Amino acid sequence: MEINIIKGEKIVVELAGRLDTSAAPTLSEEIEDIVNEKNDVVFDCKELEYIASSGLRVFLQAQKALNAAGGTLKLINVQPTVQSVLDMTGFSIFLDLNQ
């Protein structure tokens, strides 16, 4: 998995590849660092091909941390394969998804 973090008014985290059990801890560490810096984080998922339950957990933890800090988490450019996982698990109900 590739993670590219663009810092500006909002932090944009570009994700590429597979967000699975091996990649989730790395993303979680990156998010911990940026949650303390800014309150608004956008995940650009245009090149995210797959997400496992461990990846969903990372999004959930990030959203909880950002909400506690008064911030926001958004997912943009979600691909159909990832969208179907978000829909099946109910994550699409409480995550802010901007297509």
Side-chain angles (χ1 to χ4, degrees):
M1 156 154 249
E2 292 180 37
I3 303 166
N4 183 33
I5 298 174
I6 303 165
K7 296 181 180 180
E9 188 174 312
K10 291 185 178 189
I11 292 180
V12 177
V13 181
E14 296 176 334
L15 303 174
R18 299 173 57 87
L19 181 48
D20 55 18
T21 308
S22 62
T26 303
L27 180 59
S28 184
E29 287 177 22
E30 295 281 349
I31 291 171
E32 274 185 41
D33 293 339
I34 61 177
V35 164
N36 296 326
E37 294 177 28
K38 297 275 187 174
N39 290 336
D40 296 315
V41 179
V42 176
F43 287 92
D44 189 340
C45 301
K46 70 181 165 208
E47 295 186 34
L48 183 63
E49 301 165 0
Y50 171 83
I51 188 166
S53 60
S54 54
L56 294 172
R57 192 174 318 111
V58 172
F59 286 148
L60 179 61
Q61 291 170 339
Q63 184 172 36
K64 285 182 179 181
L66 287 164
N67 286 348
T72 62
L73 179 145
K74 292 184 182 181
L75 275 63
I76 61 170
N77 301 317
V78 178
Q79 298 303 308
T81 54
V82 174
Q83 181 70 50
S84 66
V85 172
L86 295 173
D87 290 343
M88 285 188 307
T89 58
F91 274 67
S92 58
I93 294 170
F94 63 86
L95 289 177
D96 186 355
L97 305 172
N98 291 329
Q99 305 301 332

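Bear in mind that the values here come from a model prediction, so they are computed numbers and not experimental data. For this chain, numbers begin at 1 and follow the sequence in order.
- Distance check, rounded to the nearest 0.5 Å: CG of Asp20 to OH of Tyr50 gives 7.0 Å.
- Cluster annotation: Val58 and Leu56 are assigned to the same hydrophobic cluster (Ile/Leu/Val/Met/Phe/Trp/Tyr, side-chain heavy-atom contacts under 4.5 Å, transitive).
- Note that CD1 of Ile11 is 11.5 Å distant from CG of Leu73, once rounded to the nearest 0.5 Å.
- We find the CD-CG distance between Glu32 and Leu27 to be 10.5 Å, quoted to the nearest 0.5 Å.
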- request: Please step through ring-ring contact (aromatic ring centres under 6.0 Å, His included) for the pair Phe59 and Phe43, ending with a clear verdict.
  value: CA-CA 9 Å; Phe59 286 148; Phe43 287 92; 5.0 Å; yes
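- A distance-only check finds no donor-acceptor pair linking the side chain of Thr72 to the backbone of Asp40 [under 3.5 Å].
- Screening Leu75, Val42, Ile34 for a side chain to side chain contact (heavy atoms under 4.5 Å, CB included) involving Val13 leaves a single residue, Ile34.
- Distance alone, capped at 3.5 Å, places no donor-acceptor pair between the Glu29 side chain and the Ala24 backbone.
- Within the 4.5 Å cutoff, the side chain of Lys10 has heavy atoms near those of the Lys74 side chain.
- For the side chain to side chain contact (heavy atoms under 4.5 Å, CB included) with Val82, the lone residue among Asn77, Ile51, Asp87, Leu97 that qualifies is Ile51.
- Note that CE of Met1 is 10.5 Å distant from CZ of Arg18, once rounded to the nearest 0.5 Å.
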- request: For side chain to side chain contact (heavy atoms under 4.5 Å, CB included), just list the numbers for Glu49 and Gln79, CA-CA rounded to whole Å, side-chain angles, deciding distance to a tenth of an Å, and then say yes or no.
  value: CA-CA 7 Å; Glu49 301 165 0; Gln79 298 303 308; over 6 Å; no
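- Counting all heavy atoms, side chain and backbone alike, Ile31 lies closest to Ala62 at CG2-CB, 3.7 Å.
- Residues Gln63 and Leu95 form a side-chain contact, since some pair of their non-hydrogen atoms from C-beta on lies under 4.5 Å apart.
- Atom CG of Asn4 and atom CG of Leu15 lie 9.5 Å apart (nearest 0.5 Å).
- Note on Phe94 and Val78: same hydrophobic cluster, where clusters join Ile, Leu, Val, Met, Phe, Trp and Tyr whose side-chain heavy atoms are under 4.5 Å apart, directly or indirectly.
- Residue Phe91 holds its CZ atom at 13.0 Å from CD of Gln83, rounded to the nearest 0.5 Å.
- By the 4.5 Å heavy-atom criterion applied to side chains, Ile5 and Glu30 are counted as neighbours.
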